[in-house]
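In listed order, ligands and their atoms are each counted from 1. All heavy atoms count here, side chains included; hydrogens, waters and symmetry mates do not. Since we're looking at a predicted model, the values are computed, not measured.
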Amino acid sequence: MADREVDRPTDPKFVNLVSAFLAMESTDSLIALARVSGEGSVTERVQRFIWTHCMNRAGGKFHAPYLKNFLKKLISQVEMNHGDVLDDLYERYAYYMSSLKDDDSVKGNSKIYKYISFLFPDGCFELSSCPESGKLLIPLQCSLNMLEGDTGCSIWPSSLYLSECILSFPELFSNKSCFEVGSGVGLVGICLAHVKASQVILSDGDMSTLANMKLNLELNHLGSEGDFAETDDANKVKCVYLPWESATERELENFKPDIILGADVIYDPECLPHLVQVLGTLLNQMKPYSQSDAEVSDGFDAFLGKTMSNGAAYGGMRKGPVALLASVIRNIDTFNKFLALVDQANLSITDVTETLKPINLLPYMRSYDRTTIRLFILTFK
Ligand SMILES: C[S@@+](CC[C@H](N)C(=O)[O-])C[C@H]1O[C@@H](n2cnc3c(N)ncnc32)[C@H](O)[C@@H]1O
């Protein structure tokens, strides 16, 4: 079939379809995108594309029950419209039927691979550092169980949002030392390394999450060393075991980041006092003065001052570190408790959701509702 989409997808509809497949979006979403790609139905061309770019690309690491379920829905969709199903797709479905039992989709703590594609719109390719494809593909091992690793082995929506922020405003993060709390699968850190943050330290208070995070860094060629002091290799992202409850000032003094990040970490009222204490300690420390630090810091402040209509509320121009927190507010009482603790800790907090808006780099992801996410900047008063 002489069709350049089959060799290399360039049509955004096909790019969305393959990106949704790689990110393991729901099979209903995939069928909807397949229909869009075929102008209303799953044509032979679309099926050929799915065979080449989805089924054949999905190696042994892909979750077989997901593939089986997708094929089942795809085939019934084509048959419902009295179309012809490609033999290859039938055969692969028959293979899964005979080799997988229904209970193979067991939830448990089974690990799966998702591939998150950040798609840079035309004209923004320079942001991607991959100007030829305009796409950044990040493989991540995750759990099917959202609670595994104290919730840290799943990708939460705020880390997708924070990643879009980092990739949309790379100048805010490049050459900055960045420290993330509650890093989960490590997506934010991988994006920070991509935009060339000068140092990236990820942390979490759950050991199994930390082990999974390290594996993800290795998958992305950013393999971490256990001890952050051991290496200066710029390609390495460091991982630190940091439960907020036991973090001491002395321990936190080791880091002195320019930017502290956190995604979906405001949810457990019990942990909030400890989280705020960690944020307060990190925000209340100045690096020893150096001209380059001042330039880095000024650049960040100036950008925020320019971007935010209410620069004064943010605290105007200052040299200290800032924290960027993205969060879905699931329980308003918990969030209000966080605000009260922030105030007691002498921190100021500004909602910058409307002023610091990232580009939509995940247009194919129907499971991700960016309108539910708020973005906050915290500084020491
Ligand atoms: C909802 S998950 C968010 C993970 C990741 N930031 C994301 O958005 O995908 C919360 C993360 O915070 C970590 N966490 C929860 N309580 C913690 C604590 N007391 N100390 C350190 N980390 C904690 C969990 O292990 C988990 O990785």
Cationic N near anionic O, under 4.0 Å, Lys214 to Asp204: no
Polar atom proximity, Ile155 to ligand 1 (N or O, under 3.5 Å): no
Atoms of ligand 1 close to Ser154 [distance to a heavy atom under 4.0 angstrom, numbered from 1]: 9 (O)
Heteroatom distance test (Pro243, ligand 1): nitrogen or oxygen, under 3.5 angstrom: no
Linked, directly or transitively: Ile329 and Leu339 (ILVMFWY side chains, under 4.5 Å): yes
Asn145 and Ser143 side chains, donor-acceptor separation under 3.5 Å: no
Which of the ligand 1 atoms, numbered from 1, are nearer than 4.0 Å to a heavy atom of Gly152: 26 (C), 27 (O)
Phe376: ring-ring contact (aromatic ring centres under 6.0 Å, His included) partners, not counting sequence neighbours: Phe335
Residue pairs involving residues 21-40 (criterion side-chain hydrogen bond (donor to acceptor under 3.5 Å, both in side chains); sequence neighbours excluded): Glu25-Ser367, Ser26-Ser29, Thr27-Lys73, Asp28-Lys73, Arg35-Gln77
From Trp156, Tyr241, Trp244 - option closest to atom 23 (C) of ligand 1 by heavy atom: Trp244
Under 3.5 Å: N/O of Asp264 near N/O of ligand 1: no
Proximal ligand 1 atoms for Cys271, defined as those under 4.0 Å from one of its heavy atoms: 19 (N)
Polar atom proximity, Ser159 to ligand 1 (N or O, under 3.5 Å): yes
Pair Glu180, Ser183: side-chain N/O donor-acceptor within cut-off below 3.5 Å: yes
Ligand 1 atoms in contact with Asp204 (distance to a heavy atom under 4.0 Å): 13 (C), 24 (C), 25 (O), 26 (C), 27 (O)
Thr151-ligand 1 polar pair, N/O distance under 3.5 Å: no
Part of Leu275 within contact of ligand 1 (heavy atoms, under 4.0 Å): neither
